[in-house]
There are 2 protein chains.
Amino acid sequence: MNDETAIHLRLGEIGLGNYAPYLMNRIMGRYNAALRAEMAELGLTTPKMRALAVLSVVEGPLIRELSVYTVVEASTLSRALDQLRADGLVRREVDASDSRAVRVFISDAGRATFETLWPHMAAGQARMFRGIPEAERQAFVGTLQKMLANIRRHDI
Amino acid sequence: MNDETAIHLRLGEIGLGNYAPYLMNRIMGRYNAALRAEMAELGLTTPKMRALAVLSVVEGPLIRELSVYTVVEASTLSRALDQLRADGLVRREVDASDSRAVRVFISDAGRATFETLWPHMAAGQARMFRGIPEAERQAFVGTLQKMLANIRRHDI
DNA sequence: TCGGGATATTTGCAAATGCATTTAATTCTG
DNA sequence: CAGAATTAAATGCATTTGCAAATATCCCGA
């Protein structure tokens, strides 16, 4: 079946269980929900957790960039960062060359908090991929990367 | 690399762009955000849209089942259904054999609303998969189905 | 069959979220 | 180079969300 045909199919004809966005939302819903208890214990919400995750890997991004990475609205992210800062997990710093912009840095305490959470995230991922051969996992991630390139609206 | 090794890697060592949950959250975040404008125009939120989508395919599920299908909390779903009912898009019906339980049915108006939204959803999916060969898409969906089987906690 | 525990859904309430607006600073254009 | 248009981030506000508790019903074992 080619693209032109596929786009005219109804959901009922495809079937929920064959519609990729449905499957992905459902899988991520479970992954995120499973993490929520651990996050709550650390005083984190999803936006706060995502910010820490990205900041543990990306050094001092602008808030606007962090918003893209985390897929969190700028206003929501701004408040999440307020809270993270109040807990000493991140630090804001006005950008040297553009004083409208703010860069965000993770602190040692922030890193430690994320290190506590990470094993649960890794376990969640491992559970998702249980019984799926390495080659298939790699192909899957490769397809995800192509998909992200297709839909992202920023060059980040 | 085998499972035992992989689970001990740090996020920084894997890289955000190779961590499947990150990629999936980001892709679905965009897919959902792109749909939000169309949904708002129809007076729908994400839970309401998901409920209509599932109800267009599954006949008269219990609210509890709908909650699993849509990955929406029961309390949130209950209120979403209130609103859908107020707009005449769904109908509640006490289950014949268990008077605690409620079955939900989509109305003709609900179907019509979903039919209006569906082309945008299909377009979003098409955009995600742009340039990805059919065989790769099928393999991808096959992996998603295995993953859902791995993480779901219900037999739905 | 009676009562305790489980289950399905709804509701109260505080917290989180998204949109629109505001503030401040930069860049573009004539 | 002045002023308009754009951009980054923060804030006001109404809505949405999730957890916990309430309500109603069902099921199981003594």
Side-chain angles (χ1 to χ4, degrees), chain A residues 25 29-30 32-51 60-87 90-105 153-156, chain B residues 25 29-30 32-41 43-51 60-87 90-104 153-156:
Chain A
N25 265 326
R30 273 262 153 278
N32 292 325
L35 232 45
R36 196 158 302 156
E38 319 289 351
M39 294 195 307
E41 216 160 308
L42 294 166
L44 299 176
T45 59
T46 298
K48 288 163 80 175
M49 175 274 278
R50 288 194 190 169
L62 299 174
I63 291 184
R64 162 181 68 81
E65 294 168 339
L66 191 56
S67 170
V68 175
Y69 281 123
T70 56
V71 205
V72 170
E73 277 287 318
S75 60
T76 302
L77 186 57
S78 177
R79 281 181 268 242
L81 292 172
D82 284 346
Q83 294 182 16
L84 289 172
R85 205 193 67 78
D87 293 341
V90 305
R91 170 170 58 83
R92 277 178 169 99
E93 202 170 293
V94 173
D95 183 62
S97 68
D98 183 345
S99 57
R100 291 170 305 181
V102 176
R103 294 192 174 278
V104 190
F105 297 86
R153 300 181 315 163
H154 308 81
D155 43 350
I156 293 175
Chain B
N25 264 326
R30 273 263 153 277
N32 292 325
L35 232 44
R36 196 158 303 156
E38 319 289 351
M39 294 194 307
E41 216 160 307
L44 299 176
T45 59
T46 298
K48 288 163 79 175
M49 175 274 279
R50 287 194 190 169
L62 299 174
I63 290 183
R64 162 180 69 80
E65 294 167 339
L66 190 57
S67 169
V68 175
Y69 280 124
T70 56
V71 204
V72 170
E73 277 288 318
S75 60
T76 302
L77 186 57
S78 176
R79 282 181 269 242
L81 292 173
D82 285 346
Q83 294 182 17
L84 289 173
R85 206 192 66 78
D87 293 342
V90 304
R91 170 171 58 84
R92 278 179 169 97
E93 202 169 292
V94 173
D95 183 62
S97 70
D98 183 345
S99 58
R100 292 168 305 177
V102 177
R103 295 192 175 277
V104 189
R153 298 182 315 163
H154 307 83
D155 42 351
I156 294 177

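Naming: A, B, ... by sequence-line order, numbering from 1 per chain.
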Inset, instruction - Remember a base hit wins even if backbone is also touched, and classify B/T76 as base, sugar-phosphate or nothing at under 4.0 Å, heavy atoms. - result: base
Inset, instruction - Report, as yes or no, whether the 6.0 Å neighbourhood of atom CZ on B/R91 holds more than 12 heavy atoms from other residues, nucleotides or ligands. - result: yes
For nucleotides 2-7 of chain C, which of its nitrogen or oxygen atoms have a protein nitrogen or oxygen under 3.5 Å away, and what is each distance?
residue: C/dT7; atom: O2; partner: B/R100; partner atom: NH1; Å: 2.6

Legend entry - Length of the CD-C1' vector between A/E73 and C/dA16, whole Å: 13 Å
Inset, instruction - Grab the two heavy atoms, one from A/T70 and one from A/S67, that are nearest each other, plus how far apart they are. - result: OG1-O, 3.4 Å
Legend entry - Under the salt bridge (Lys or Arg N to Asp or Glu O under 4.0 Å) test, residues paired with A/R36 that sit two or more places apart: none
Inset, instruction - Round to the nearest Å and state the distance from A/M49 atom CE to C/dA16 atom P. - result: 15 Å
Inset, instruction - Determine the contact category for A/A74: base if any of its heavy atoms lies under 4.0 Å from a base atom, sugar-phosphate if only primed atoms, P, OP1 or OP2 are that close, otherwise nothing. - result: nothing
Legend entry - Residues forming a salt bridge (Lys or Arg N to Asp or Glu O under 4.0 Å) with A/D87, sequence neighbours excluded: none
Inset, instruction - Could you tell me the separation between the CD atom of B/E38 and the CE atom of B/M49, rounded to the nearest 0.5 Å? - result: 11.0 Å
Inset, instruction - May I ask you to list the residues of residues 78-86 of chain B, by number, that have any heavy atom positioned under 4.0 Å from an atom of DNA chain C? - result: B/S78, B/R79
Legend entry - Euclidean distance, atom CG of residue A/N32 to atom P of C/dA16 [Å, nearest integer]: 17 Å
Inset, instruction - Starting from the first five and the last five pairs of the helix from C/dT1-D/dA30 to C/dG30-D/dC1, work out the angle between the resulting helix axes, to 10 degrees. - result: 30°
Inset, instruction - May I have the step-by-step check of side chain to side chain contact (heavy atoms under 4.5 Å, CB included) for B/N32 and A/N25, ending in yes or no? - result: CA-CA 9 Å; B/N32 292 325; A/N25 265 326; 3.2 Å; yes
Legend entry - Outermost DNA chain D nucleotides near chain B [under 4.0 Å, heavy atoms]: D/dT16 to D/dC26
Legend entry - Nearest atoms (heavy-atom pairs only) where A/R85 meets A/V90: CG-O, 3.5 Å
Inset, instruction - Go through the steps to decide whether A/R92 and A/D82 satisfy the test side chain to side chain contact (heavy atoms under 4.5 Å, CB included), and finish with yes or no. - result: CA-CA 9 Å; A/R92 277 178 169 99; A/D82 284 346; 3.0 Å; yes
Inset, instruction - Look at the side-chain N and O atoms of B/R103 and state whether any lies under 4.0 Å from the OP1 or OP2 oxygen of C/dA8. - result: no
Inset, instruction - Evaluate the side-chain proximity of A/L62 to A/R100: yes if any heavy-atom separation is below 4.5 Å, no if none is. - result: no
Legend entry - A/K48 (side chain) donor-acceptor with A/M39 (main chain) under 3.5 angstrom: no
Inset, instruction - Using the closest heavy atom to pick a nucleotide of DNA chain C for each, name whichever of A/K48 or B/R36 lands nearer the 5' end. - result: A/K48
Inset, instruction - Could you tell me whether B/D98 and B/R103 have a side-chain N and a carboxylate O separated by less than 4.0 Å? - result: no
Inset, instruction - Check every strand shown and say whether B/S75 touches a base, only sugar-phosphate, or nothing at a heavy-atom separation below 4.0 Å. - result: base
Legend entry - Heavy-atom check, side chain of B/L81 versus side chain of B/L66, under 4.5 Å: yes
Legend entry - Inter-residue atom distance A/R50.CZ - A/L44.CG, 0.5 Å rounding: 13.0 Å
Inset, instruction - Just call it for A/T45: base, sugar-phosphate, or nothing, with non-hydrogen atoms closer than 4.0 Å on any strand. - result: sugar-phosphate
Legend entry - Distance-minimising heavy-atom pair for B/R30 and A/V71: N-CG1, 4.2 Å
